[in-house]
Engineer: 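Next up is a structure, given as structure tokens.
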Amino acid sequence: MKRILVSGAAGYIGGTFTYQALKSGHEVIGVDNFSNSSEKNIKYFKKKFKNNFYFHKSDLSKENNALKKIFENYEIDYVVHFAGLKSVAESEKQPKLYWENNLNSTRNILENLTNRIGLVFSSSATVYGNSKYQPISEKIALRANSTYGSTKIACELMIDDYCRNKNIKAICLRYFNPVGSHSDKVILEPFNNAPNNLMPRIVRVAKGIDPELKVFGKDYNTIDGTAERDYIHISDLISGHFAALNKLNEITDCKYYNLGTGNSTSVLKLLKTFEKVHSLSLNYSFHSRRKGDVEVCFADPALAKKELNWSSKKSLEDMCRDSL
Ligand code: UD1
């Protein structure tokens with residue numbers, strides 16, 4: 001049993017991690033300010049895991065004292081830092097908000113770490129920008145396309161710096177495109193909050209909430225003209241976090257790993273697979289490219305396989321099945 005501080009415990013990814021950690025018998029101290037989530041998941045954890053779940057409502061980017069108290073009151077083994085603002089479009093409109101929120105919360109966590117507490121940080125493939133090297137390995141130079149992406153790069157740099165200067169250890173996990181829900185269907189990928197991402201938009205059409213899917217761009221240099229991504233089942237993504245926690249026991253510095261499948265899937269392929277799995281037919285129409293979108297982005301997952309002993313297991317069909 002380990003004691004894990006989870007920031008962003010109410011959200012889709014942080015909540016799925018929290019659920020799996022609690023089910024596995026770990027103690028979780030969850031923190032969230034509900035800026036992008038509701039209290040529903042937290043209420044469920046409190047009821048279902050009375051003996052190993054604790055929760056503090058707090059904005060980690062502002063309340064360093066609250067965080068200090070948490071570290072004083074609980075002997076934390078690991079911190080998994082999911083909390084952060086994550087909309088590309090919003091980050092372009094409100095860069096100050098993104099710089100303050102995403103960097104301050106990360107800095108406040110780092111200030112409270114000691115060399116016996118390991119950190120796992122939620123990073124993103126967005127740090128690679130529009131890379132001509134595909135599949136993307138961790139070695140390529142980072143170059144973001146948006147303020148959101150720049151804040152992720154800056155957080156990674158800050159973490160690396162603290163690791164060197166404070167003698168702490170951390171792993172940055174660069175997520176590709178997480179989709180679907182844990183098979184227990186407790187934490188679901190939200191589709192009600194005006195999502196930008198493809199899978200929840202497909203779900204909205206399947207549920208009859210939206211009349212059609214708008215496909216952004218049909219003139220990309222790809223297999224069918226639509227953009228390609230590396231979709232990864234949320235359960236595989238979460239198992240990558242537990243592999244990273246194990247790895248923290250062996251390292252003394254900062255490491256970076258891609259969490260992706262290594263498969264490149266077009267928008268139309270995802271849509272067609274979804275239709276096949278659910279025996280549905282979905283309306284769609286083509287529109288111009290979405291600003292800031294990249295053509296192709298998929299992972300070289302070899303390093304995570306070699307060093308974390310982790311690889312994805314679920315297929316595109318599984319992802320579609322577990323999304324509705
Ligand atoms: C987006 C974010 C990225 C973030 C990731 C997390 C942008 C530009 N990038 O990545 O920073 O880390 O989510 O999951 O927002 N699409 C449609 N119709 C839709 C929605 C999407 O055709 O209604 C297309 C997009 O144009 C894109 C593909 O589907 O080509 C995937 O889009 P999305 O799910 O938003 O993921 P990313 O763009 O890869």
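Just so you know, ligand 1 is whichever comes first in the structure, and atom 1 is the first atom listed for that ligand. Along the sequence shown, the residues carry numbers beginning at 1.
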Engineer: Is Asp293 touching ligand 1 with its side chain, its backbone, both, or neither, if touching means heavy atoms under 4.0 Å apart?
Structural biologist: side chain
Engineer: Write out the residue and atom name of the closest protein heavy atom to atom 20 (C) of ligand 1, then the distance separating them to 0.1 Å.
Structural biologist: Asn196 O, 3.4 Å
Engineer: So which protein heavy atom does atom 22 (O) of ligand 1 come closest to, and at what separation?
Structural biologist: Phe216 N, 2.9 Å
Engineer: Tell me which protein heavy atom sits closest to atom 23 (O) of ligand 1, plus the residue, atom name and distance to 0.1 Å.
Structural biologist: Arg201 NH1, 2.8 Å
Engineer: For Tyr175, which part has a heavy atom under 4.0 Å from ligand 1: side chain, backbone, both, or neither?
Structural biologist: neither
Engineer: Whether Asp210 and Arg204 form a salt bridge (side-chain N of Lys/Arg under 4.0 Å from carboxylate O of Asp/Glu) is what I want to check.
Structural biologist: yes
Engineer: Strictly by modelled atom types, are Asn249 and Tyr78 linked by a side-chain donor-acceptor pair under 3.5 Å?
Structural biologist: yes
Engineer: Under 4.0 Å from a heavy atom of Thr126: which atoms of ligand 1 are those, numbered in the order shown and with their elements?
Structural biologist: 11 (O)
Engineer: Near Val215, which atoms of ligand 1 are under 4.0 Å from a heavy atom of that residue?
Structural biologist: 22 (O)
Engineer: Quick one: sort the Phe55 and Phe34 rings into parallel, tilted or perpendicular, breaks at 30° and 60°.
Structural biologist: tilted
Engineer: In the protein, what heavy atom is nearest to atom 32 (O) of ligand 1, and what distance, to one decimal place, separates them?
Structural biologist: Arg290 NH2, 3.5 Å
Engineer: With the threshold set at under 4.0 angstrom, would you say Tyr231 reaches ligand 1 through any of its heavy atoms?
Structural biologist: yes
Engineer: What is the closest protein heavy atom to atom 2 (C) of ligand 1, and at what distance does it sit?
Structural biologist: Val88 CG2, 3.8 Å
Engineer: Run the numbers for me: atoms of ligand 1, each under 4.0 Å from some heavy atom of Ala227, listed by number.
Structural biologist: 30 (O)
Engineer: I'd like to check whether Lys291 has a polar contact with ligand 1, where a contact means an N/O of the residue lying under 3.5 Å from an N/O of the ligand.
Structural biologist: no
Engineer: What is the nearest protein non-hydrogen atom to atom 18 (N) of ligand 1, stated with its residue, atom name and distance?
Structural biologist: Lys214 O, 2.7 Å
Engineer: Where is the nearest protein heavy atom to atom 13 (O) of ligand 1: which residue, which atom, and how far?
Structural biologist: Asn197 ND2, 2.9 Å
Engineer: Check for a donor-acceptor pair, side chain of Ser123 on one end and backbone N or O of Arg174 on the other, with a separation under 3.5 Å.
Structural biologist: no
Engineer: Quick one: does Leu198 get an N or O within less than 3.5 Å of an N or O on ligand 1?
Structural biologist: yes
Engineer: Find all atoms of ligand 1 within a distance of less than 4.0 Å from any non-hydrogen atom belonging to Asn177, and give their numbers and elements.
Structural biologist: 36 (O), 37 (P), 39 (O)
Engineer: Is it true that a side-chain atom of Asn145 and a backbone atom of Thr126 form a donor plus acceptor pair closer than 3.5 Å?
Structural biologist: no
Engineer: Are the side chain of Asp322 and the backbone of Ser183 linked by a donor-acceptor contact shorter than 3.5 Å?
Structural biologist: no
Engineer: Over 60° means perpendicular and under 30° means parallel, so classify the ring planes of Tyr19 and His182, tilted if in between.
Structural biologist: perpendicular
Engineer: Looking at Phe298, does the NZ or CZ of Arg229 lie under 6.0 angstrom from its six-membered ring centre and within 45 degrees of the ring axis?
Structural biologist: no
Engineer: Using atom types as modelled and distance alone, determine if a side-chain donor or acceptor of Glu295 lies under 3.5 Å from a backbone N or O of Asn221.
Structural biologist: yes
Engineer: Under the ring pair (Phe, Tyr, Trp, His ring centres under 6.0 Å) criterion, do Phe82 and Phe17 qualify, and how do the steps go?
Structural biologist: CA-CA 10 Å; Phe82 294 98; Phe17 173 85; 5.7 Å; yes
Engineer: Could you pull out all residues at least two apart from Lys50 that satisfy salt bridge (Lys or Arg N to Asp or Glu O under 4.0 Å)?
Structural biologist: none
Engineer: Which ligand 1 atoms does Ser124 reach within 4.0 Å, using its non-hydrogen atoms?
Structural biologist: 12 (O)
Engineer: Tell me, which protein residue and heavy-atom name are nearest atom 4 (C) of ligand 1, and how many Å apart are they?
Structural biologist: Tyr148 CE2, 4.2 Å
